[in-house]
Undergrad: 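The structure that follows is given in the form of structure tokens.
Just so it is clear, the structure is predicted and the values come from calculations on it, not from any experiment. Letters go in sequence order (proteins before strands), and every chain restarts at 1. Computed over heavy atoms, backbone and side chain alike; hydrogens, waters and symmetry mates excluded.
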Number of protein chains: 2
Amino acid sequence: MYSGLMSTSERLIEATRELLWERGYVGTSPKAIQQLAGAGQGSMYHHFTGKPDLALAAVRRTAEEMRAAAAASLDGPGTAYERIAGYLLRERDVLRGCPLGRLTMDPDVIADDRLRAPVEETLDWLRGRLASVVEEGTERGELSAALVPADIAATIVATVQGGYVLARASGSPAAFDAGVRGLLTLLDPSADDRS
Amino acid sequence: MYSGLMSTSERLIEATRELLWERGYVGTSPKAIQQLAGAGQGSMYHHFTGKPDLALAAVRRTAEEMRAAAAASLDGPGTAYERIAGYLLRERDVLRGCPLGRLTMDPDVIADDRLRAPVEETLDWLRGRLASVVEEGTERGELSAALVPADIAATIVATVQGGYVLARASGSPAAFDAGVRGLLTLLDPSADDRS
DNA sequence: GTCTATAATCGGATAGAC
DNA sequence: GTCTATCCGATTATAGAC
């Protein structure tokens, strides 16, 4: 139940974000949203046309936050490797998974272009941003010249998204951390990578 | 609707596997299972105690299949790199995602130890099997000696699981393929990986 | 803006006839 | 083993009073 300092529509959006993260779109009912937001049915249907509309507002906000968080790691100073490492090693609520990525497993989200759009755009943006960092790294000689920026960017994002899967399967963040360590070893320009 | 050549309980399990893959546990109703299996409610509750019981049978079978498919790639001949590449590049229904991995985003699956167990065990087994291959590779000089087998194994599985996320977000297998290419570049012992 | 009432459908299951 | 009937709560709203 959220503070009364937030407006009703704000509380509804925040409650929806929370529940979408925890239970996904199919698993989140209007009633649960209303209870967590401390709002009645009338309020919800006054501010939003229905569950999809509210979910859209929630997903857009989550996408915004995710961009900002990634940019904070990637826009900083340091070598390409350091910025990528910073992104991979930043604090995460590993066992909760990615609030945006988890939605891709939701058939009702994938089937709705309006709901899928912010998810796609944000992951695309992230890959693009990482590809730029990798490209800078190869140009400056900080990373192997053999790397294809767009491919490595996809590998990095996939390792994070898949790391969540492994962590949730085992009930421990250890597998996520292992995957990240493995990727950093593979990227590390200072490691002796010859057999 | 499955062939009448299968027994009713077989059809129920296959229908459940299909729907769990497509819609997850929360999104799959007994009624939908019965319709797809061509079975009545009575049949379902005769053969299984309820939705969780049926889901358990379905998940166990899917886990078996996944192990067998991975083993087929990893147990073959070839260098460590070749076997890992074979596993990563084998044909997949990328846009459908991983039938086991997707369950980790389902809160009701994660909350139920009996349902989560086959998911955890199978992904653990896969990581272990890949770690063995990597270890063989480092010992034989086919892969960099700097690699920590368990970490690289986690990276490989995570790249696949996360690749599904990227593919589903964008509605195209391209991002999955890019992530795999990136990982193979990073693993490739013949690539010049010095800056 | 928020509340309560009402409603049609679905979800998950039990009971008992055949 | 399979079928139909029945049940109760949840889901996703709509209508209208306050």
Side-chain angles (χ1 to χ4, degrees), chain A residues 1-59 103 105-112 114-115, chain B residues 1-59 103 105-112 114-115:
Chain A
M1 186 99 147
Y2 290 93
S3 153
L5 295 176
M6 265 188 268
S7 72
T8 300
S9 96
E10 274 301 305
R11 290 196 322 269
L12 284 164
I13 292 175
E14 288 304 314
T16 304
R17 296 214 304 146
E18 197 71 18
L19 289 167
L20 284 182
W21 193 0
E22 180 83 16
R23 308 202 34 92
Y25 184 81
V26 196
T28 296
S29 70
K31 179 179 227 168
I33 294 169
Q34 293 152 23
Q35 285 177 345
L36 185 57
Q41 307 205 23
S43 293
M44 177 181 143
Y45 286 102
H46 171 75
H47 292 287
F48 301 93
T49 67
K51 177 175 161 176
D53 185 39
L54 181 45
L56 184 56
V59 171
L103 296 175
M105 294 304 143
D106 225 305
D108 292 6
V109 170
I110 294 305
D112 182 337
R114 284 169 57 80
L115 270 179
Chain B
M1 186 98 147
Y2 290 93
S3 154
L5 296 175
M6 265 188 268
S7 71
T8 300
S9 93
E10 275 301 304
R11 293 199 316 274
L12 284 164
I13 292 175
E14 289 304 313
T16 304
R17 296 214 303 146
E18 197 71 19
L19 289 167
L20 284 182
W21 193 359
E22 180 83 18
R23 307 201 35 90
Y25 184 82
V26 193
T28 295
S29 70
K31 181 179 227 168
I33 293 170
Q34 293 151 23
Q35 285 177 346
L36 185 57
Q41 307 204 22
S43 293
M44 178 181 142
Y45 285 102
H46 172 73
H47 292 287
F48 301 93
T49 67
K51 177 175 162 176
D53 186 38
L54 180 46
L56 183 56
V59 170
L103 297 175
M105 294 303 143
D106 225 305
D108 292 5
V109 170
I110 294 305
D112 181 337
R114 283 170 59 80
L115 270 178

Undergrad: Tell me whether the side-chain N/O atoms of A/Lys31 come closer than 4.0 Å to OP1 or OP2 in D/dT11.
TA: no

Undergrad: Would you list the atom pairs, donor with acceptor, under 3.5 Å between side chains in residues 49-59 of chain B and any protein atom, with sequence neighbours excluded?
TA:
{"from": "B/Lys51", "atom 1": "NZ", "to": "B/Tyr25", "atom 2": "O", "distance (Å)": "2.9"}
{"from": "B/Lys51", "atom 1": "NZ", "to": "B/Thr28", "atom 2": "O", "distance (Å)": "2.7"}
{"from": "B/Asp53", "atom 1": "OD2", "to": "B/Thr49", "atom 2": "N", "distance (Å)": "3.1"}

Undergrad: Without decimals, in angstroms, what is the distance between A/Lys51 NZ and D/dT14 P?
TA: 15 Å

Undergrad: List the atom of B/Leu19, the atom of B/Leu36, and the distance in Å for their closest heavy-atom pair.
TA: CG-CD2, 3.9 Å

Undergrad: Roughly how far apart are A/Phe48 CZ and A/Ile33 CD1, rounded to 0.5 Å?
TA: 9.5 Å

Undergrad: Walking along DNA chain C from 5' to 3', note the first and the last nucleotide with an atom under 4.0 Å from a heavy atom of chain B, and give both.
TA: C/dG11 to C/dT14

Undergrad: With A/Glu18, which residues qualify under salt bridge (Lys or Arg N to Asp or Glu O under 4.0 Å), at least two apart?
TA: A/Arg96

Undergrad: Can you give me the closest heavy-atom contact between A/Val26 and A/Pro107, atom names plus distance?
TA: CG2-CD, 4.4 Å

Undergrad: Under 4.0 Å from any atom of DNA chain C, heavy atoms only: list the residues of residues 40-49 of chain A that qualify, in numerical order.
TA: A/Gly40, A/Gly42, A/Ser43, A/His46, A/His47

Undergrad: Who pairs with A/Thr8 by side chain to side chain contact (heavy atoms under 4.5 Å, CB included), at least two apart in sequence or on another chain?
TA: A/Arg11, A/Leu12, A/Ala39, A/Ser43, A/His47

Undergrad: If you compare all heavy atoms of A/Leu103 against all heavy atoms of A/Leu20, which two are closest, and at what distance to 0.1 Å?
TA: CD2-O, 4.3 Å

Undergrad: Only counting residues at least two apart or in another chain, list the ones meeting side-chain hydrogen bond (donor to acceptor under 3.5 Å, both in side chains) with B/Glu22.
TA: none

Undergrad: Does anything in residues 8-29 of chain B come within less than 4.0 Å of DNA chain C? Heavy atoms only, and list the residues if so.
TA: B/Thr28, B/Ser29

Undergrad: Report the residues that fulfil side-chain hydrogen bond (donor to acceptor under 3.5 Å, both in side chains) with B/Gln41, sequence neighbours left out, ordered by chain and then residue number.
TA: none

Undergrad: For A/Glu14, check side-chain hydrogen bond (donor to acceptor under 3.5 Å, both in side chains) against everything at least two apart and list the hits.
TA: A/Arg17, A/Arg61

Undergrad: Taking five pairs at each end, how big is the angle between the two axes of the helix from C/dG1-D/dC18 to C/dC18-D/dG1, to 10°?
TA: 0°

Undergrad: Once salt bridge (Lys or Arg N to Asp or Glu O under 4.0 Å) is applied, what residue pairs with a partner in residues 23-39 of chain B remain, sequence neighbours excluded?
TA: A/Asp108-B/Arg23

